[in-house]
Amino acid sequence: MTRRKLAERVAVRWAGCVWRCRVAADAGMSTAEYAVGTIAACGFAAVLYKIVTSGPVRTAMTSVIEKALHAPF
């Protein structure tokens with residue numbers, strides 16, 4: 001085998017290894033990422049709950065529902 005062929009073969013193997021390592025590194029989320037995502041989702045849900053259950057929003061939603069129920073057909 002010539003030096004050039006050997007060098008090409010080594011380069012191809014190295015490139016394949018790098019590609020596999022990058023793909024494996026980005027395969028999915030780790031447990032810590034799931035924990036951070038869950039905490040963020042819970043915080044966002046708490047903020048939305050506070051907004052929806054506030055007085056002005058509750059009044060607006062009640063009036064929209066009353067208008068929809070009393071709409072003439």
Shared-cluster residues of Val36, by chain and number - hydrophobic side chains joined below 4.5 Å: none

Checking Thr53 now: which residues fulfil side-chain contact (heavy atoms from CB on, under 4.5 Å) with it, not counting sequence neighbours? Tyr49, Arg58

Apart from Ile39 itself, residues in the same hydrophobic cluster as defined by side-chain heavy atoms under 4.5 Å: none

Linking directly or through intermediates, with side-chain heavy atoms under 4.5 Å: list the remaining ILVMFWY members grouped with Val52, chain and number order. Val47, Ile51, Val57, Met61

